[in-house]
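The block underneath contains the structure these notes are about, expressed in structure tokens.
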Amino acid sequence: MTNRTRWTLGILGFALAMTVVFASPAGAWLLHPATSIARDVRTLFYKAVAITAFFFILAEGILLVAVLKFRAKPGVPAAKWHENLKLEIVWTAIPTLAMVILSGPAFTAMSYMETVPKSDIRIEIVGHQWFWEYRYPDRGIIFANEPLVLPAGKKIAADITSIDVVHSWFVPDFGIKRDANPGRINHVWFQVDAPGTYEGQCAELCGVLHAQMFITVKVVTPEEFDRWVEQKKKGA
């Protein structure tokens, strides 16, 4: 296999991998984030990619130049050298500084995600093998194996736990992935921008039917949500 063929196959493989990532549900937060949290995560991702891509391209460029310029040729041995303290300090210090700079936005985004604000609605999410149970304690509503219904534009605080094994409540459009651990309550919050149906799935291997533990969130207008609450209370 020639070098040209290897480069072609490598580029095609990378393009195919990127296509799969962006086309899959897991890539939804990059393409159409539905919450402020998802938008913050996307922005942070792009910053990290920009910084790391710069160093990747620089390092690979230098490597390519070194391979082409100093390789062995007919009658000419390959160049040899060993250690360059100044160069080693520079290529260690610059990426370190870049990561320090990136840590600021990263910690800000994490703090924003982890700090649950005063919410409009509080729900409880309970993982089972292999379905999700939803509770609205302030409204006296409990159900399972049905879509979670929420109003658009309202701050939702969720307490997430499990009654058996570790599950993970993952809705890509929301930028939310939080483990549901037995005997422990994890907290998360989000505010969905617009009505729509959002899909997710348990993201923690939890048994033989893990692949069928889907999540559906139906986001409606506040008026539709109030009507749904009344119907649910009547047992409709």
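Since the structure is predicted, the reported quantities are computational estimates derived from the model, not experimental observations.
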Using every non-hydrogen atom in the two residues, find where Ala180 and Thr161 come nearest and quote the distance to one decimal.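 Closest approach of Ala180 to Thr161, heavy atoms only: CB-O, 3.2 Å.
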Would you mind reporting whether Leu150 and Leu148 have side-chain heavy atoms less than 4.5 Å apart?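 Yes, side chains in contact.
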For a quick check under 3.5 Å, do Ser162 and Asn181 share a side-chain donor-acceptor pair by atom type?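 The criterion, which ignores hydrogens and geometry beyond distance, is not satisfied for Asn181 and Ser162.
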Glu199 versus Thr216, side-chain donor and acceptor atoms under 3.5 Å: yes
Which value, rounded to the nearest 0.5 Å, describes the distance between His210 atom NE2 and Glu204 atom CD?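 Between His210 NE2 and Glu204 CD, I get 8.0 Å after rounding to 0.5 Å.
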Enter the distance from Leu205:CG to Ser168:OG here, rounded to the nearest 0.5 Å. 11.5 Å
Could you point out which residue of Phe174, Phe214, Phe190, Phe170 forms a ring-ring contact (aromatic ring centres under 6.0 Å, His included) with Tyr198?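 Output: one option passes, namely Phe174.
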Examine Tyr136 together with Trp228 and report whether their ring centres are nearer than 6.0 Å.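 Yes.
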Between Arg39 and Asp193, does any side-chain N to carboxylate O distance fall below 4.0 Å? yes
Below 4.0 angstrom, N of the basic side chain to O of the carboxylate: do Arg139 and Glu230 qualify?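 No, Arg139 and Glu230 are not salt-bridged.
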Just by distance, do the side chain of [X] and the backbone of [Y] share a donor-acceptor pair under 3.5 Å?
X      : Y      : result
Trp169 : Asp179 : no
Gln201 : Ala211 : yes
Glu114 : Ser111 : no

Here's a test for you: under side chain to side chain contact (heavy atoms under 4.5 Å, CB included), which of Asp40, Val41, Thr108 qualifies with Met113? Val41
Counting only heavy atoms not in Met99, do more than 12 sit closer than 6.0 Å to its CE atom?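 Correct, the count exceeds 12.
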Atom CZ of Phe56 with >12 non-hydrogen neighbours under 6.0 angstrom: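 Not buried by this count: 12 neighbours or fewer within 6.0 Å.
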Leu209 with Val126, same ILVMFWY side-chain cluster at under 4.5 Å: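 Different clusters: Leu209 never reaches Val126 through Ile, Leu, Val, Met, Phe, Trp or Tyr contacts under 4.5 Å.
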